[in-house]
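A short write-up of the structure that comes next.
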Amino acid sequence: MSLQEKVARAAQLIRQSHHMVAFTGAGHSTPSGIPDFRSPESGLWEKYNPMLVASVWAFRLDPKTFYDWVRPLVDTMLNAAPNPAHLALAELEEMGYLKVIITQNIDNLHQRAGSRRVLELHGHMREATCIRCYKQVPVDPMIEQFIRDGRVPHCECGGVLKPDVILFGEQLPIRVLNQAMEEARRCDLILVAGSSLEVAPAGDIPYLAVEHGARAIVVNIQPTAFDCRAEVVIHGDVADVLPCLLEAVLRTEEDGNSFCRSTAPAI
Ligand code: ZN
């Protein structure tokens with residue numbers, strides 16, 4: 001199949017679906033300039049190994065090292081803008097096709113693009129929780145100062161504040177995970193966009209969907225182990241492919257409408 005045929009086929013699957021779910025990962029935000037921190041080529045591995053500094057054990061022992069490592073990443077995330085792939089998914093939700101996005105990303109870019117239903121499997125940076133008294137506070141008031149001076153944020157009780165992101169070694173938020181699994185069992189189409197599905201258990205969700213009868217589309221730069229389970233596989237940048245896919249859905253919608261109009265009986 002040519003790229004054009006694949007896009008047309010994927011658009012057809014979207015048009016036929018009743019409950020479409022998208023599953024997104026780091027590759028969805030790399031076109032916005034956010035590095036994939038699990039990738040050794042990202043530059044974030046130069047000084048520290050994220051597996052060590054971004055683990056829950058390391059955070060408890062030495063939060064300063066975690067904050068030193070995460071500071072440039074937070075700065076990048078705050079300055080990043082949603083890319084055309086984020087906007088295409090927001091538009092598919094607006095059109096009524098896409099029911100929910102399940103994401104491994106913590107950067108808030110889906111919401112900033114206008115997506116309303118987003119399940120964040122790896123948490124987010126909007127709030128932080130004190131590791132001593134478990135008080136939850138919004139991150140906004142302290143973030144600018146943190147970027148400026150890098151001081152470790154503390155709760156009023158004196159405990160260290162930990163952003164509500166899931167660190168290595170932590171359980172995924174159970175309520176969000178349950179909702180995501182429920183969506184996977186319920187959907188009839190899953191679009192995997194910008195994820196290599198290598199991180200368990202989040203990466204198991206698309207498999208759960210196809211095991212419950214959903215069709216699948218994969219858009220990712222690299223091949224994934226899930227490709228053989230998908231009906232359409234496009235190896236490309238999500239920021240190039242998803243807008244084409246949206247355009248193809250819009251086009252078939254227009255064709256369908258003009259077909260309906262031209263064949264509607266005259267009253
Ligand atoms: Zn506290």
Side-chain angles (χ1 to χ4, degrees), residues 24-26 29 32-38 42-82 100-113 115-182 199-203 205:
T24 68
S29 291
S32 292
I34 296 174
D36 174 2
F37 68 86
R38 286 184 176 78
S42 65
L44 287 163
W45 290 64
E46 273 167 25
K47 271 170 78 185
Y48 309 101
N49 176 347
M51 293 289 196
L52 297 178
V53 292
S55 76
V56 64
W57 311 285
F59 185 88
R60 284 179 177 271
L61 281 172
D62 181 12
K64 174 84 176 115
T65 304
F66 167 81
Y67 275 110
D68 285 346
W69 170 77
V70 85
R71 194 168 151 205
L73 186 60
V74 172
D75 194 23
T76 307
M77 282 199 301
L78 287 178
N79 289 305
V100 65
I101 297 172
I102 302 168
T103 188
Q104 297 167 286
N105 298 340
I106 56 168
D107 51 38
N108 211 33
L109 290 181
H110 284 303
Q111 290 91 334
R112 283 175 54 200
S115 291
R116 287 183 297 267
R117 278 207 73 205
V118 184
L119 297 174
E120 297 164 303
L121 290 173
H122 291 163
H124 54 80
M125 298 284 285
R126 292 183 296 276
E127 285 170 319
T129 301
C130 171
I131 61 170
R132 189 188 287 170
C133 74
Y134 299 105
K135 186 179 171 189
Q136 209 176 27
V137 297
V139 162
D140 269 359
M142 56 193 175
I143 198 98
E144 269 180 35
Q145 186 182 340
F146 168 65
I147 297 292
R148 230 176 15 248
D149 64 18
R151 240 183 301 160
V152 174
H154 282 81
C155 171
E156 50 200 20
C157 83
V160 172
L161 289 167
K162 178 188 153 300
D164 287 353
V165 293
I166 306 303
L167 301 181
F168 293 108
E170 275 187 302
Q171 301 284 328
L172 299 195
I174 190 69
R175 199 176 53 84
V176 179
L177 182 62
N178 282 341
Q179 279 178 298
M181 285 166 60
E182 177 58 36
V199 184
I205 285 174

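For ligands, and for the atoms within them, numbers begin at 1 and follow the listed sequence.
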Check your understanding: Under 4.5 Å between any side-chain heavy atoms of Asn108 and Met77, yes or no?
Key -> no

Practice item. Flag the pair Leu78 / Glu144 as yes when at least one side-chain heavy-atom distance between them is below 4.5 Å, and no otherwise. Key: no

Exercise for review: Provide the protein N, O or S atoms situated under 2.8 Å from the Zn ion (ligand 1); waters are not included.
Suggested key: Cys130 SG, Cys133 SG, Cys155 SG, Cys157 SG

Check your understanding: Listed by chain and number, what are the side chain to side chain contact (heavy atoms under 4.5 Å, CB included) partners of Val53, not counting sequence neighbours?
Key -> Tyr48, Thr65, Trp69

Check your understanding: How far apart are the C-alpha atoms of Ile131 and Arg60, what are their side-chain angles, what is the distance that settles it, and do they pass the side-chain contact (heavy atoms from CB on, under 4.5 Å) test?
Key -> CA-CA 8 Å; Ile131 61 170; Arg60 284 179 177 271; 4.3 Å; yes

Exercise for review: Determine whether Glu156 and Lys135 make a side-chain contact, defined as any pair of heavy atoms from C-beta on separated by less than 4.5 Å.
Suggested key: yes

Exercise for review: Find out whether Leu161 and Cys130 are in side-chain contact, i.e. whether some heavy atom of one side chain is under 4.5 Å from a heavy atom of the other.
Suggested key: yes

